[in-house]
Each structure stands twice: as C-alpha cells, then as structure tokens.
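By convention in this document, chain letters (A, B, ...) are assigned in the order of the sequence lines, proteins followed by strands, and residues within each chain are numbered from 1. Note that these values count all heavy atoms, side chains included, but never hydrogens, waters or copies made by symmetry.
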Number of protein chains: 2
Amino acid sequence: MSTPNVAPFSSIRLDKYSPNPIYLQIAEGIGELLKSGVLPAGYVLPPERALCEQFGISRMTLRQAMGLLDREGLIESRRGRGTVVTPARLRKQEQELKSFSEEIRDRGGRPESRLISLELTVPGESVRDFFELRDQQKVYELLRLRLKDGDPLALELVRIPERLCPGLERFDIAKNSLYQILEESYGLRLENCIEEISAEAPTSKLRKLLALPRNAAVLVVNRKTFAEDGRAVELTRSTYRGDQYSAVVRSVRKKKPILRISTSS
Amino acid sequence: MSTPNVAPFSSIRLDKYSPNPIYLQIAEGIGELLKSGVLPAGYVLPPERALCEQFGISRMTLRQAMGLLDREGLIESRRGRGTVVTPARLRKQEQELKSFSEEIRDRGGRPESRLISLELTVPGESVRDFFELRDQQKVYELLRLRLKDGDPLALELVRIPERLCPGLERFDIAKNSLYQILEESYGLRLENCIEEISAEAPTSKLRKLLALPRNAAVLVVNRKTFAEDGRAVELTRSTYRGDQYSAVVRSVRKKKPILRISTSS
DNA sequence: CTAGAACAAATGTCTATACAACTTGCAGCA
DNA sequence: TGCTGCAAGTTGTATAGACATTTGTTCTAG
C-alpha cells in the first residue's frame with residue numbers, strides 16, 4: 001500500500017488553449033503515468049479533491065478524466081476508500097481489427113504478398129446477398145499468397161464489390177496494403193469485422209501452395225468486414241498453415257449492470 | 001429521418017427512492033426503447049434539453065445516461081446536429097467469456113458432458129509457472145468428453161490448482177457446470193480469458209473418441225482463464241471436431257482517441 | 001476489553017448555469 | 001442567381017457547490 005503523493009502528477013502540464021479539452025489532457029497525462037509504470041499497480045491515487053486543487057480544475061472535470069481511465073480498466077475506484085491502480089493483466093484490451101500485414105508485423109515478422117489472380121466476376125447468390133447487390137453487379141476477387149519472413153503462411157481470397165472501389169485493378173496491390181487503399185483512396189473507413197474460425201484438412205492443391213508437411217491441418221478464417229456506416233465491404237476467406245499460425249482471442253465475463261462515465265470526441 | 005417526438009419517452013418512470021441512481025434508470029429506460037426497436041435506427045432523439053425537461057432532471061444527469069448508451073454504441077451524438085439511434089449491426093458487443101454449456105445452449109444445442117478422468121497430479125514446469133505454484137503443489141486434471149445433441153463434439157482437458165478449489169472431486173462434475181462450482185462454491189469470480197486457436201491433424205486415439213470422419217481436422221483451443229483479482233484459475237485445452245464447430249470472433253478498428261462518459265457501479 | 005456511537009474521509013450523485021464549437025437554414029445582398 | 005454572413009439550435013466542456021453513501025477509525029460507555 002503506497003501513500004498518496006502528489007509529486008508524480010506535477011509532470012502533467014495543462015494547455016488551456018489546446019484543441020484537446022482539459023479532461024482529455026488529464027486522462028492522457030495520468031494514463032501515461034499508469035501505462036509507463038511510474039504509478040505502480042496497487043498505488044493509491046490522491047483523493048479527487050486533492051487532484052482538483054493540484055490541477056486547478058473542478059471536480060466534475062477531473063471525474064470525467066478518471067472515468068476515461070476507469071473505462072480502460074487502468075484504475076478502480078471504491079466509494080469511501082479511494083482509487084487504486086489496476087494490475088496490468090486486468091486492464092481492458094479490445095479485440096482489434098488488423099490487416100494481415102499489421103498482424104504479422106505486430107508478431108515481429110516480415111509480411112509479404114504475392115498476387116495470384118485478380119478478377120472481376122458476377123458473384124454467386126450468397127455473396128451477392130451479403131453485399132446486397134443487384135443482379136449483374138460485380139465483385140473483385142483477389143487471390144493472394146501471404147508470406148511471413150519469406151515462407152508461405154496463408155492463401156487469401158478477398159471479395160469486394162466493384163461498386164465500392166471501381167478501378168481497383170489500377171493499384172499495385174502487391175506493394176500497398178489493401179486496407180490502406182480502401183481507406184485512403186476510396187474513403188471506406190473500416191470499423192469492425194466478424195470472423196469465423198474453423199479447422200480443415202487441406203486439399204492437395206493447397207498443400208503444394210503452402211508447402212504443407214504431411215498430415216498438417218489448415219486454419220480457415222472467414223472474415224466479414226463492415227465500414228463505419230454499416231455497409232458490408234469485404235468478404236474474405238484466409239487459409240493458414242495450421243502448424244505456423246494461431247488466432248488469439250480475449251474474452252471477458254459478462255457483468256450484470258453497465259459501468260462508468262467517460263467522454264466522446 | 002424521423003421527427004423528434006417526446007411521446008415514447010413518457011413510458012419511462014423514475015423512482016426517486018430507488019437504490020439505482022437516476023441516470024441509470026434513464027439509461028436503462030431509453031436502452032430498452034432502443035434495443036426493443038421502439039426507437040428505430042436513424043431515429044433522431046429529442047434534444048438533451050427537451051429530455052431534461054421531460055424527465056425533470058438536470059442536463060449533466062441526462063448526459064451521464066446518454067454516455068452509457070453511447071458507450072454501448074446504441075446512440076451516436078454529433079455536436080451541432082443531434083443524437084441518432086445506431087443501426088443494430090454497429091452496436092458494440094464485447095467478446096464474452098462463456099463455458100462450454102453456455103456456448104452450446106446459445107447456439108441452440110443441448111450440451112452434455114462425460115467425465116473420463118479426474119486426477120490430482122504434480123504439474124509440469126510450464127503449468128506450474130503459469131499458476132505460480134511452489135514445488136509439490138498439485139493441480140486437478142479433468143478430462144471430459146463434451147457432446148452436443150448427443151454427439152461427441154470436443155475433448156477437453158482442464159487444469160486447476162488444488163489450492164484454489166480443495167475437495168473439487170466431491171462435486172458431481174458431470175451434472176454441474178464447472179464454472180458454476182468455481183464461482184458459487186469457491187468464490188472464484190472469473191473475469192477474463194485468453195484463447196489461442198489453432199488447427200491440427202487428429203491423433204488416431206482422438207479420431208476414435210470424437211468419431212471423426214476420415215480426413216477431418218480438429219480445432220484446438222488453449223484457454224487461460226483469470227479471476228477478478230488477476231489470479232490464474234484455469235488452463236484448458238479443448239479439441240473440437242473441425243467439421244462440427246467453429247469459433248466466432250468480433251473485432252473493431254482501433255480509433256485514435258478515447259470516447260465518451262459513462263459511470264461505474 | 002468490547003460493542004456501539006460518532007466522526008472523518010473518500011467517492012457517488014445531482015443541480016443550475018455559462019460559454020464554446022459546430023451545423024443548418026435563411027435572410028439579405030451583390 | 002449565387003454567395004455571404006448571421007442567427008438559432010444542438011451537443012461539448014467546464015464551474016462551484018450540495019448532499020448521499022460507504023468505509024475506516026476513534027472515542028466513549030458499559
């Protein structure tokens with residue numbers, strides 16, 4: 001149990017003329033102290049009123065900042081007792097939508113991509129329904145081999161409606177991230193996806209492409225991606241080498257009520 | 001685009017003497033209207049000041065309620081414009097930690113369990129490190145066959161330190177949910193888990209147990225479960241029939257800043 | 001010595017208000 | 001006609017204070 005001490009907070013400088021509101025500056029400042037470990041897990045924060053005085057702000061404003069930190073699971077407050085720093089492993093961490101390249105890089109690998117084919121075709125019924133297309137509206141079908149550190153890791157079949165990105169074939173898809181092209185050149189801001197992960201035995205064709213050892217399985221990820229406005233953007237089937245790749249998922253136990261105050265930009 | 005209309009909100013009754021605070025009552029009331037579809041996606045909520053007057057509360061209190069709804073992705077506010085109801089598919093939905101039984105039931109199946117063995121053993125090094133055990137401290141090893149609608153679906157190996165649940169063998173584990181026993185009889189409140197999902201080719205023993213067809217793969221889920229206080233509680237390896245089961249994951253694109261106010265109980 | 005009362009300290013809830021920043025539509029002017 | 005600028009409406013940010021509720025401690029009465 002550490003003693004509340006105002007000293008570490010003096011490093012936080014408020015800029016009254018910043019475009020960022022005060023409560024955000026406070027939250028970011030304290031958040032830094034928490035994430036960097038300057039304030040260790042179990043540390044008892046000074047009472048709200050002391051911090052208000054320290055920063056020269058009103059209590060509601062401070063509580064707005066504390067709400068953000070609480071929402072991230074960085075601190076935990078209890079009425080009558082005080083506010084303590086949460087141990088790192090209890091902090092929240094949302095499942096994050098990443099492109100193949102982003103994910104491989106996060107895992108410390110070097111991603112690479114080889115375009116096998118790019119076609120513009122009339123989709124089957126299920127794909128057409130998913131994208132809510134009319135008859136004869138086409139979709140791009142992108143077949144790519146994905147590599148990590150030079151070795152084949154996955155085969156990826158991407159489907160995107162032509163309507164959302166006309167002229168996609170003019171981009172150098174092997175060089176640039178597909179997500180980057182969609183976001184920057186077509187203004188499609190991806191927001192969330194749903195993935196269905198299953199296991200299959202590989203076909204012989206796939207065995208060759210991925211250089212699979214005998215008796216290996218593949219991990220199949222079917223991803224549906226949606227834009228901020230809710231439109232379906234992408235339907236992708238990725239087939240990973242089962243001996244080289246695994247998906248990581250983090251879940252939380254459902255609570256009865258809702259939680260705490262924070263603020264939106 | 002619908003016209004703001006105060007009428008639907010008159011169904012919300014506030015109880016000044018309820019143990020639940022006003023802002024929670026408001027959030028739950030409006031949340032009901034949103035989730036039930038009484039207020040459809042795209043509906044423009046009355047301005048905050050109108051709602052304040054309607055409910056007879058101050059604006060800050062109303063905004064506390066709105067913050068909760070925003071945090072759940074049920075509504076979206078824009079400065080200068082107003083607040084609209086979010087379409088269902090854009091609403092947030094946290095990845096939820098479920099037991100096998102809970103998950104199968106949610107998918108509309110009938111879960112069943114057959115205990116194959118229950119041993120109390122001294123664990124190997126990696127397991128001991130994970131649970132932070134001293135030499136000679138033991139763990140329960142539970143091997144169960146899991147069935148859905150009478151058919152084998154998965155083989156599950158659960159490891160739990162004896163220290164956390166001494167006398168576990170006295171419970172009828174086939175009948176009762178293990179999670180329920182841990183929570184209700186040992187006070188272990190599970191909070192989150194991390195799962196690593198991979199694909200493998202089954203061993204011949206596994207092929208028999210799960211009645212796997214020729215040339216089928218298995219989906220392997222390694223789950224680490226933690227309690228509210230951060231202690232490691234459970235280490236489980238589940239092996240599912242690849243042709244019968246798939247995992248579903250929902251991810252969101254990372255935003256730059258943080259979001260909005262809400263409150264903790 | 002203990003049980004209970006009183007108190008102090010901390011967070012939780014709520015009010016009433018003021019001003020800032022953004023959006024939209026409209027009036028008025030060139 | 002077309003553009004500018006303004007006014008009204010809406011959400012975002014911030015203040016200062018009051019009281020409620022919970023927890024832990026201290027003091028007192030028995």
Side-chain angles (χ1 to χ4, degrees), chain A residues 1-4 6 14-28 43-71 75-86 257-265, chain B residues 1 3-4 6 14-28 30 43-71 75-86 257-265:
Chain A
M1 198 74 76
S2 1
T3 320
V6 169
L14 298 185
D15 175 5
K16 216 181 153 180
Y17 302 100
S18 159
N20 290 343
I22 306 277
Y23 74 88
L24 227 187
Q25 296 177 45
I26 302 258
E28 283 172 349
Y43 176 90
V44 178
L45 295 184
E48 296 176 351
R49 285 180 170 89
L51 286 175
C52 293
E53 199 176 350
Q54 159 103 12
F55 292 123
I57 61 176
S58 92
R59 191 161 156 241
M60 286 301 278
T61 302
L62 180 81
R63 282 182 59 77
Q64 212 163 347
M66 303 293 268
L68 289 179
L69 299 174
D70 179 298
R71 176 148 139 29
I75 59 175
E76 197 177 339
S77 301
R78 290 217 191 139
R79 180 185 294 198
R81 291 225 247 160
T83 303
V84 301
V85 178
T86 310
I258 335 182
L259 290 181
R260 201 206 225 261
I261 312 200
S262 70
T263 323
S264 109
S265 58
Chain B
M1 200 73 75
T3 320
V6 168
L14 298 184
D15 176 5
K16 218 181 152 182
Y17 301 100
S18 159
N20 290 342
I22 305 280
Y23 74 89
L24 227 187
Q25 296 178 45
I26 302 256
E28 283 172 350
I30 299 183
Y43 175 90
V44 178
L45 294 184
E48 295 177 351
R49 284 180 171 88
L51 286 175
C52 293
E53 198 175 351
Q54 159 103 12
F55 292 123
I57 61 175
S58 95
R59 193 166 154 235
M60 288 302 278
T61 302
L62 180 82
R63 282 181 59 77
Q64 212 164 347
M66 303 293 268
L68 288 178
L69 300 173
D70 180 298
R71 175 148 139 32
I75 59 175
E76 197 177 338
S77 300
R78 290 216 191 141
R79 178 184 295 195
R81 290 226 241 154
T83 302
V84 301
V85 179
T86 310
I258 335 180
L259 291 181
R260 200 206 226 261
I261 311 198
S262 73
T263 323
S264 108
S265 58

Kindly say if A:Thr83 contacts the phosphate of C:dA10, meaning a side-chain N or O under 4.0 Å from OP1 or OP2.
no

A:Met60 side-chain proximity, nearest of D:dT15, D:dT11, C:dA16
D:dT15

Distance check needed: D:dA14 C1' versus A:Arg63 CZ, whole Å only.
15 Å

Exactly one of B:Met60, B:Arg59, B:Glu53 clears side-chain contact (heavy atoms from CB on, under 4.5 Å) with B:Glu48, and that residue is B:Arg59

When you check the phosphate oxygens OP1 and OP2 of D:dA14, does a side-chain N or O of A:Thr61 lie under 4.0 Å from one of them?
no

Gap between atoms OH and C1', on A:Tyr23 and D:dT15 respectively (whole Å)
16 Å

Working note: A:Leu14 + A:Ile57, criterion side chain to side chain contact (heavy atoms under 4.5 Å, CB included); need CA distance, chi angles, decisive distance, verdict.
CA-CA 10 Å; A:Leu14 298 185; A:Ile57 61 176; 4.3 Å; yes

Got B:Ile30 and B:Ile75 here, is their nearest side-chain heavy-atom distance under 4.5 Å?
no

Using a 4.5 Å cut-off on heavy atoms from C-beta on, say whether the side chain of B:Glu28 contacts that of B:Leu24.
yes

B:Pro47 side chain: which of D:dT15, C:dT11, D:dT10 is closest?
D:dT10

A:Glu76 CD to C:dT11 P, in whole Å, measures 13 Å

Min side-chain heavy-atom separation A:Asp70-A:Met66 under 4.5 Å
no

Find the distance A:Glu53:CD to D:dA16:C1' and express it as a whole number of Å.
14 Å

How many whole angstroms separate atom CD1 of B:Ile22 from atom P of D:dC19?
17 Å

By salt bridge (charged side-chain N to carboxylate O under 4.0 Å, His left out), A:Arg78 pairs with (sequence neighbours left out) A:Glu76

Report, one pair per line, the protein and nucleotides 20-23 of chain C atoms (nitrogen or oxygen only) whose separation is under 3.5 Å.
unit_1 : atom_1 : unit_2  : atom_2 : d
C:dA21 : O4'    : B:Arg79 : NH1    : 2.7
C:dA21 : O3'    : B:Arg79 : NH1    : 3.2

Expressed as a whole number of angstroms, how long is the span from A:Gln25:CD to D:dG12:P?
19 Å

Minimum-distance nucleotide (side-chain atoms of A:Pro21 versus D:dA14, D:dA16, C:dT11):
D:dA14

Mind calculating the distance between CD (B:Gln64) and C1' (C:dG12) to the nearest angstrom?
9 Å

Looking at side-chain heavy atoms only, is the closest gap between B:Ser18 and B:Gln25 below 4.5 Å?
yes

Atom-to-atom span, CD of A:Glu48 to P of D:dG17 - whole angstrom:
17 Å

What about B:Arg59, does its side chain sit under 3.5 Å from the base of D:dG12 through a donor-acceptor pair?
yes

